[in-house]
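Naming convention: chains lettered A, B, ... in sequence-line order (proteins, then strands); numbering from 1 in each chain. Just so it is clear, the values below take in all heavy atoms, side chains as well, and ignore hydrogens, waters and symmetry mates.
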There are 2 protein chains.
Amino acid sequence: MAERISDAEHAVMEVLWDHAPLDAQSIYDRLSGSQSWTLATVKTLLSRLVSKDALATEAQGRKFLYRPAIERTAYVAHESGRLVDRLFGGKLSPLVAQFAESEKLSPEDIAEIEALLQELKK
Amino acid sequence: MAERISDAEHAVMEVLWDHAPLDAQSIYDRLSGSQSWTLATVKTLLSRLVSKDALATEAQGRKFLYRPAIERTAYVAHESGRLVDRLFGGKLSPLVAQFAESEKLSPEDIAEIEALLQELKK
DNA sequence: GGCGTACGATTACATTTGTAGTCAAAGGAT
DNA sequence: ATCCTTTGACTACAAATGTAATCGTACGCC
């Protein structure tokens with residue numbers, strides 16, 4: 001488990017987290033907006049994700065339907081944990097501070113975070 | 001600029017952000033605690049970082065002193081921006097929510113974040 | 001029922017990364 | 001003056017990654 005998903009592979013995962021199950025062609029179609037990969041490339045990524053047990057397949061006639069085998073939440077938790085550990089010693093507040101300083105915090109975002117924290121303290 | 005620093009390279013950068021300038025041997029020494037790399041490996045990483053313009057060197061006799069050529073803040077901002085963009089659509093609150101759910105938020109951390117936000121609203 | 005075609009599988013290949021060995025030269029020790 | 005050591009430079013090589021072409025084959029169309 002947890003074989004490490006590369007950047008390119010991640011783009012494929014996102015499509016499937018949003019609209020699984022899909023066959024290769026449809027995944028390719030949906031990626032066309034953001035990436036200029038050929039169908040062959042997308043198929044390579046799909047195979048690799050299947051080997052990594054990040055995707056499961058289900059035969060539909062002579063094609064496959066692909067669907068995520070790991071939860072997006074788990075992936076996201078893992079990845080953000082990793083980054084926060086590496087860059088901020090595992091503490092979230094320095095990340096927030098960093099965002100604050102680089103002006104990447106919208107007022108709505110601030111409000112939402114505050115609401116979250118209120119909820120937690122309760 | 002911004003040649004993408006790998007995980008292993010990042011470990012080297014951290015040492016230098018903390019104690020620059022240092023020569024290769026001292027960097028190796030300081031890394032010995034956390035990594036089991038040989039001196040040769042550390043030297044390879046140093047060379048690569050120099051090519052990537054992430055480190056600058058200054059000759060000291062027949063050895064080099066290495067020091068960061070990019071600010072840790074800039075690096076950290078870039079990396080965390082990247083992750084937040086990829087995984088949370090550029091918004092920080094979902095990341096905080098994710099941390100909250102996985103119980104990775106200590107009370108102190110919460111307090112610090114709240115303080116930060118108070119500061120911002122002022 | 002042969003034929004093109006659309007699939008997944010296999011193969012390809014350059015680049016990056018992790019991890020290190022070797023080499024030539026410069027200095028220091030004797 | 002000679003030899004050992006230390007240092008950066010160069011070379012090595014496997015695995016992962018990005019990106020794709022090709023191949024064998026099962027299907028559907030005529």
Measure the distance from [atom1] on [X] to [atom2] on [N] and round it to the nearest whole Å.
| X | N | atom1 | atom2 | value |
| --- | --- | --- | --- | --- |
| B:Leu45 | C:dT19 | CG | P | 8 Å |
| A:Glu3 | D:dT17 | CD | C1' | 14 Å |
| A:Leu46 | C:dA9 | CG | P | 10 Å |
| B:Asp23 | C:dG27 | CG | C1' | 15 Å |
| A:Gln60 | D:dA26 | CD | C1' | 15 Å |
| B:Leu39 | D:dT5 | CG | C1' | 13 Å |
| A:Gln35 | D:dT17 | CD | P | 16 Å |
| B:Leu49 | C:dT17 | CG | C1' | 12 Å |

Is the shortest side-chain N to carboxylate O distance from [X] to [Y] below 4.0 Å?
| X | Y | value |
| --- | --- | --- |
| B:Glu112 | A:Lys91 | yes |
| B:Asp18 | B:Arg30 | no |
| A:Arg4 | A:Glu9 | no |

Could you check B:Lys43 against A:Arg62 and say which one's nearest nucleotide on DNA chain D is further toward the 5' end?
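Checking each residue's closest nucleotide, the 5'-ward one belongs to B:Lys43.
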
In terms of the nearest nucleotide of DNA chain D, which residue is placed more toward the 5' end: A:Ile5 or A:Ala40?
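Its nucleotide being nearer the 5' end, the pick is A:Ile5.
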
> Has the side chain of B:Thr44 got a donor or acceptor that lies under 3.5 Å from a partner of the other kind on the base of C:dA20?
Replying inline: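 Such a pair exists between side chain and base.
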
*asked:* Closest approach to the side chain of A:Arg48, judged atom by atom: which nucleotide of C:dC7, D:dT19, C:dA20 is it?
replied: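 For the A:Arg48 side chain, the nearest candidate turns out to be D:dT19.
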
Open item on the list: Please pick, from D:dA21, D:dG18, C:dG8, the nucleotide with the shortest atom-to-atom distance to any side-chain atom of A:Phe64.
Closed with: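 Nearest nucleotide to the side chain: C:dG8.
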
Report yes if a side-chain nitrogen or oxygen of [X] is closer than 4.0 Å to either non-bridging phosphate oxygen (OP1 or OP2) of [N]; otherwise report no.
| X | N | answer |
| --- | --- | --- |
| A:Gln25 | C:dA6 | no |
| A:Lys52 | D:dT17 | yes |
| B:Ser6 | C:dG18 | yes |

Classify the nucleic acid contact of [X] as base, sugar-phosphate or nothing, counting any heavy atom under 4.0 Å across all strands shown.
| X | answer |
| --- | --- |
| A:Lys63 | sugar-phosphate |
| B:Asp7 | sugar-phosphate |
| A:Ala8 | sugar-phosphate |
| B:Thr41 | base |

Qualifying residue, where the test is side chain to side chain contact (heavy atoms under 4.5 Å, CB included) with B:Tyr66 and the options are B:Leu49, B:Leu22, B:Ile27
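Only one of B:Leu49, B:Leu22, B:Ile27 forms a side chain to side chain contact (heavy atoms under 4.5 Å, CB included) with B:Tyr66, namely B:Ile27.
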
- Query: Between A:Asp7 and B:Arg82, does a salt bridge (Lys or Arg N to Asp or Glu O under 4.0 Å) hold up when you go through it step by step?
  - Reply: CA-CA 11 Å; A:Asp7 276 19; B:Arg82 227 176 81 86; 3.2 Å; yes

